[in-house]
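Quick note on labels: first sequence line is chain A, next is B, and so on, each numbered from 1. Keep in mind that what you see is a predicted model, and the values were worked out from it rather than measured.
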Amino acid sequence: MNTGEYNHKDIEKKWQDWWQEHHTYQVENTVKGKENFYALSEFAYPSGNLHVGHWYAFAVPDIYARYKRMQGYNVLYPMGFDAFGLPAENAAIKHNLDPRKWTYENMDYMKNQLRSMGASFDWSRTLATSDPDYYGWTQWMFNQFFKEGLVYRDITKVNWCENDKTILANEQVIGGKCERCEGDVIQKDMAQWMLKITDFADDLYDDLEGLNWDESIKQAQREWIGRKEGSIISFPIELPVRQLGEEQTNSKERNIVKVILLNQHNQVLVMESVSEGSMDLPGGGIELGETLEESAVRELQEETEYTNFEYVRTLSPNRVHYYHKMLDQHFHGNVHTLVYRLKDDEKTPKSLEQYEVETKEEWWNLDDVIENFVENPVYGFYIRESLIDYRNSKINVFTTRADTLFGATYLVLAPEHDMVQNLKSHITNWDEVKAYLKDVEKKSDLDRQQSREKTGVQLQGIEVINPATNEPIPVWVADYVLAHFGTGAVMAVPAHDECDCEFALKYDLPFKFVVLPSAGEIGNSRPLITSGENAFIHAAGTTEKKGTQEQINAEWNAMYDLLGVHDDGILPEGKRFCCDFEGKLINSPSVTSVTTGNFEFLGFNHPKDGKDWIERTRVYAIVKQKDTEMYLGLRSKTDDTQGLVTGGVDEGEVAEQAIVRELLEETGFTGKAIRKEKYKIHDKYYSTNKDKNILSVGDVFVLEVSDIDNRQSIEQEEIDKHEPVWLTKQEFLDFINPPSHKFIIKNYFNDSSGNFNTQTSEEARKNITTSVGGTITKTYRLRDWGISRQRYWGCPIPIVYDPDGNSHPIPDEHLPWLLPDDVDHTPDGTAPLARSEELQKRTEDIFGAGWKPEVDTMDTFVDSSWYFYRYLDNQNDTAFASPDAMKSWMPVDMYFGGAEHTTMHLLYSRFWVKALKKIGLVHENEPYKGRLNRGLILGPDGAKMSKSKGNVIDPDEVVSHVGADTVRMYLAFIGPFNEPGSYPWDPNGVVGIRRFLDRVWRLQENITDTTDESLISDLHQTIKKVGDDIERLKLNTAISTMMTFVNKAEKSLGITQSDYLTLVQLLAPFAPHMTEELWMQHHDTSIHLSDFPKYDESKISFGMTALPIQINGKVRAQVVVEEGESDADVQNRILAMPEVTKWTEGKELKKFIHVPGKIINLVV
RNA sequence: GCCGGAGUGGCGGAAUUGGUAGACGCGUGCGACUCAAAAUCGCAUGUCUUCGGGCGUGUGGGUUCAAGUCCCACCUCCGGCACCA
C-alpha cells in the first residue's frame, strides 16, 4: 500500500495521460451484452478560458456518466464546441483578429483545460459547428427543410441590435436590450429566412407530456408556446349609409354609375367643373331599364370626348346618400364603379351634353385619384383598386371568453390590422386615425410596455355587428391590441375584462354585464374598488383587502345591491362594473337574429329598378306555435309566392303594436311579441296596390301564438290574398329561404341550446360560439423562427438569387457552401459576406452571370439544434449520421444544461428533430428523454461571478492547489445537482472536501484483517445509498454518506483491504484520479471499467433495531427490538422500563402503536 | 396579474412512503500537538432553562397516536410568462 502523501499533482497528470494512451473512454456504438446510455452536456462556446461554470456543467455530470459506466452501461459522454457566434466576430473587430483563428486557438486551449477535469469524454467523437464537415450538414438539412416547405422568406419586423448590427430572435431581447451586448434594440423591417416552427406547435406542446423532465421546464416551454383555446368569432362589417349632402329623411332611391377610365399609362380621367372647380369621375344616375354597362358607356359618351374604350371590371358598389345639385334633390343609391380602359388616346370630338361642356378633362395618376377621391371623406365612396367588397366582409376576433359575447360593446383592431387600411375609404376621420397609427409606429416595443396608459381612436364611419346581439357596435384601433396574437382584433367586453374595462372607462364606452359569478365562485377572491362608487374591477388574488369569508361575501352582496346586478344583471344607467370571473350567464338571450342582407324579394313581386322609391318602415314576424316547433308561413293565393307575416307600421304605432296587429289582420291569430331583433334592411318591393317601388326598413319579431283554434276575424282583403300554413322548422326554412330570396333566418334556428341565461360560462362558450357560426380553435404565442443574421462568423445560408431576384437553394452537390475568407470585419451595417469578392465569383462561376449569393448567415441556434447526432458518427461524409449509429444512441438519455436554454435551444432542437422526423431522416419524436437544468455557482460573496465584482474563482488556480478531484467533488457537494438553485463558492468548503480525500487516503493506514460487524453493515448501507443518490443526482448526499462512513471507519477497529477498495470504488466517479491510483496498486485494469459495488440486503440489518419510544408524541426512550418479537412482548417489556414508567405512572394507557422498524408510540 | 418552485441553525444544506428535525460540510468555541503559527487531531455547537424539562422547520388554522412532510388560508423569496383578448 502506498502510505505516502496524497500528491494530487503527480497522480492527476499520471492518470490523465494513461487514460488517453489507453483510450479508456473511447466508446463503440454497440457493445455486446451492454445497453447504451447517452449522457450529454450542452457543448461549450470556445470563449477562450474555462471558468467554474464549465466545471459545474461538465465535471459534475461526468460523475453520473462514470457511475452509469460502472453500472454496466456502454456510456457515451461526448464534448464539442458551439464554435460559431458573435463573440469571435466582436473580438475580431476589437482586436483586429481573424475570427477563425481566434476560435480555433481557443478551442485548442480549452481542450487541454477540459482534459484537466478528468472527465470521461470520448474525444475521438468531438466536433465544432464551424468545421465545414459539420456546417455542410447544417446546410444540407436546411435544404431538406426547404424541399419540405418548412422554409420561407418573409419581410417581417425584426429586432435589430444597433450595436451588433444584426437581427436578434425575440428570445435574445431582454427588456428592449440585446441579450449579449446590452445595446438598444429597435424594430426594423427586413427580409429574412424563416423556419416554420409553428407547424409543430401542437406537437411541441403535446409531446412534453411523455418526457421525463422537471415539471417547471415543461411548464416554461408550454408558456413559451403559449397555446390558448378559444373561439374565432366573425363580426360582419357594417358600413352606414354615407351622407354626401344634407340628410333628408324622405330621400328617393337613385342608383349611380361612376367610371374609372384608364389610359395606357394607367392614369385615370378626372372631370373638373370649370364653373365650380369641383372634381369628379365621369358618371351619373342609372336610367330605368339600363344595365350597369349600358349606363357607364352612355355616361362616358355624354361626358367625355373619348369613344374607343373597353370594359375591364366592375368594382363592388357602395351605398350613399347624396344631394343632387342639378335636381335639388336628395337621393339614396348604390354607387357602381366600373373600370374601362382606353384603346387609344385619340379624342373623337362629339357633341357633349350642354352642362358637361363646362368641364375640363385631366389625366391623374391612380395614387392621386385614390388620395383625392378614395381617401377624401367627401368623395370617399370608391372602392380602392381591389375588387374586395369589404362591406360584405367580416372581422374575425379571437376570444377565450365567448361566454361574454353578449357583453361585447365595441371591437378593437391592432394598429397593424389589415382592415384598418382596407376600410380607409370608409373611415371618415382618417386623418385622425392616420396620425394615431404614425404615433404608434414611433413607439418602440419598450415604450409600449412602459406606458400602460391605453390609447386609441375610433374608426368613424364603420361599425360591426355583434353577432350575438345583432346590434351594431363601434370599431376602435388601439395599440393595446397586439397584431401578432390571435387575429389582431379583439371583441371588447368592458364588464368582464380588465383591459377592456380600463379602455372603456377612459373613452366612455358602454358596459354590459352578462356573467354573474355565483357566490361559491367568488369564494376566496377579492373585489377591488378602483374608482369612485361605480367602477369595480376584480383582480384575482389581490391582497388589497383582507377579511373573513363572510365579510367578503357580504361585500359582494352589497356591491350587487349597489349596482343592481343582483336580479337581472342589467346595470343601472351610468354604473360600471368589471368582473372577470366565470359564472352563470345573465342578460344573454338566445341568438334569435335575422341575418342582415339585401332583401330583394319577400313574398311579393320583384321590384323594378328605377325611380320613385318610397321609404317605409315595416315589421316582419317569425310566428311560432307555443309549445310546438311549428312555424307560420303565408302562401299567396294569387301567385306562387310566399312570405312572412309582415306589414307597414302605421302612424302612432310602435313596432310591437304593428306586428301584433298585422298578425291579427292577416291570420286571425293573437300573439305575443317575445323578441325583437333590429337589422338594417334594404328590402325593395313593388307594391301592386300602390303601384310604387318601396324601400322598406324594419324590425323582425318573433311572435308566439298559443291558442290556434281561437282565431279572430280576418280582414277580407287578407283572406283573398294569403293562406296561412303551419310548417315544421325545416319546411319553414325551405319555405322562406328559397335560393332566389335573400331573407335568411339562419341564426334563430341555429340556436339549439335555448336561452343562454343560466348556462355556465363553460357551456356558454361552446354554445354561443356555435350559435353565431364561430369556430372553437387554438392560438399560439410561438412565432416562426427567423434565422437570418447579418453576421460573418456563422453558417452561410445556402441560397442564391437569380438575376431577377428569385431565390434558389444551392444544390446539395455544392455543399458545404463555404464561408469566404476575404471579408473585412469592420461593421458598416451591411452584411459582411456582401463584401466578399470570392463568394460573388464562386456564385457566378457555378450559377451564371448576374447571380448573387445570400449574404446572411444562420442563427447559431441552428448549429446547436442537431449537434447531438453528429457525435454519434462524426467521421461520416455521406450522411450527417448513419441510421445504425442513431438507432444505437438516440434519444439522449440524460441532457445536462443551463436553465437559460429552457425555452430557446431546447425548443428549437425539439423542433429540428420533429422536422427531421417528418422528412423521414430520423426515427425519434423527441431528442431528449431526460433533462436536467443545473444551478448557478455564485462568487464567495453570494453574487454572480463577474470580473467587475472581483469575485471570480479561477478553477485552474484552485485545481493546482487542491486538485481536480477535490474541485469536482466540491461542486457535487455544494448543493443538490438535481435542483437548479444558486450556490455560493465557499473556499473553506473546498478545503473540507480536500480534507475528506486526505482522510480516505490515510485510511489505508487502518487496513487490518478484522473489522467491526457494524462497519460491514454501514458499508452496505453506504453502497445502497450512494448508488441510489447518484441515480437521482443527489450527489451532495451521496458524498455525505461516504463521509459518514469514513468517520466511522476511522473510529473502528480497522477496515479490511477489500472493504477499503469497495469504498474506493464508490468514490471513483467523484474522484477518478485518486481512486485510480489506489485501485491500480492492486489491479491492472482501470477502476472506471470495474463494476460498481453491490450491496447485500442481509448485511444491512442484523436482526435487531433500536427504536425510539414516544410517549404522547414526545421521544422519551429507546428500545432494542429483535426481529420477530411480538407486539405484546415488546409492549410488556417497554412498560417495565424505568424511563417509560416515569411518564406513564398513574396514567391509563390508551393506545400502543408499533410501526416495525420505525417507532413506538404510547398514548396515555 | 398568471403559471411554476421554494422558505429548516451563524452559512451551504439533510430528513426517499407522515415516524428520533438539524445528517454531512463550513464557520465558531474549547482542548491536544507546537517555542509559535499553519496544517492535523479531539470535544462541543438550534434555542430557552429554576437542569425536571419547555420551545422550535415563513405565519395562522386544521387532520393525525404522530406533521418540515397532508389539508385550508395568508406572507416572503426565486424562476418563467405578461396590455395574450
Could you list the residues that satisfy salt bridge (charged side-chain N to carboxylate O under 4.0 Å, His left out) with A:Lys1048, not counting sequence neighbours? A:Asp1018
[N] to [M] separation - [atom1] atoms, rounded to the nearest Å:
N: B:G12; M: B:U63; atom1: P; result: 35 Å
N: B:U16; M: B:G7; atom1: P; result: 13 Å
N: B:G22; M: B:U57; atom1: C1'; result: 9 Å
N: B:U34; M: B:C24; atom1: C1'; result: 30 Å
N: B:U76; M: B:U40; atom1: C1'; result: 44 Å
N: B:U20; M: B:G68; atom1: C1'; result: 14 Å
N: B:G79; M: B:C83; atom1: C1'; result: 22 Å
N: B:A15; M: B:C75; atom1: C1'; result: 25 Å

Which part of the nucleic acid, if any, lies within contact of [X], taking any heavy atom under 4.0 Å across all strands shown: a base, the sugar-phosphate backbone alone, or nothing?
X: A:Arg222; answer: nothing
X: A:Pro980; answer: nothing
X: A:Gly226; answer: nothing
X: A:Arg1002; answer: sugar-phosphate

At their closest point, which heavy atom of A:Ala402 faces which heavy atom of A:Ile233, and how far apart are they? CB-CD1, 4.0 Å
Mind listing the closest non-hydrogen atom pair of A:Ala489 and A:Ile395 along with its distance? CB-CG2, 3.8 Å
N/O to N/O distances under 3.5 Å, protein versus nucleotides 60-62 of chain B:
none

Under a 4.0 Å heavy-atom criterion, the protein footprint on nucleotides 47-58 of chain B, written with B, S and -, is -----SSSS---
Base, backbone or nothing for each nucleotide of nucleotides 15-23 of chain B, written B, S, -, heavy atoms under 4.0 angstrom, 5' to 3'? SB--BB--B
Taking O4'-C1'-N9-C4 for purines and O4'-C1'-N1-C2 for pyrimidines, is B:G7 syn (within 90° of 0) or anti? anti
Where does B:G42 land, syn or anti, once you apply the within-90°-of-0 test for syn? anti
Dot-bracket summary - RNA chain B, pairs being Watson-Crick or G-U whose distances fall under 3.5 Å, with | when paired to another strand: (((((((..(((......[....)))((((((.......))))))(((....)))..(((((..]....))))))))))))....
Who passes ring-ring contact (aromatic ring centres under 6.0 Å, His included) against A:Phe503, sequence neighbours left out? A:Tyr410, A:Trp476, A:Tyr480, A:Tyr507
Pair A:Asp998 + A:Arg1002: basic N to acidic O under 4.0 Å: no
Using a distance-only test with no angle check, is there a side-chain donor-acceptor pair under 3.5 angstrom linking A:Thr404 and A:Asp497? no
Working note: A:Phe977 + A:Leu971, criterion side-chain contact (heavy atoms from CB on, under 4.5 Å); need CA distance, chi angles, decisive distance, verdict. CA-CA 9 Å; A:Phe977 195 66; A:Leu971 287 168; over 6 Å; no
Result for 5'-nearest mapping on RNA chain B, choosing between A:Pro976 and A:His484, is A:Pro976
Map A:Asp497 and A:Ile217 onto RNA chain B by nearest heavy atom, then report which one ends up closer to the 5' terminus. A:Ile217
Of the nucleotides [options], which one has an atom closest to the side chain of [X]?
X: A:Arg781; options: B:C81, B:U40, B:G80; value: B:C81
X: A:Lys454; options: B:C43, B:C83, B:C84; value: B:C83
X: A:Cys499; options: B:G25, B:C83, B:C65; value: B:C83

Establish, yes or no, whether the cationic atom of A:Arg968 lies under 6.0 Å from the six-membered ring centre of A:Trp55 and within 45° of the ring axis. no
What do you reckon, is NE2 of A:His417 surrounded by more than 12 foreign heavy atoms closer than 6.0 Å? yes
Please lay out, stage by stage, how A:Phe896 and A:Tyr64 fare under the test ring pair (Phe, Tyr, Trp, His ring centres under 6.0 Å). CA-CA 11 Å; A:Phe896 299 94; A:Tyr64 184 71; 5.8 Å; yes
Side chains of A:Gln221 and A:Leu204 in contact at under 4.5 Å (non-hydrogen atoms): no
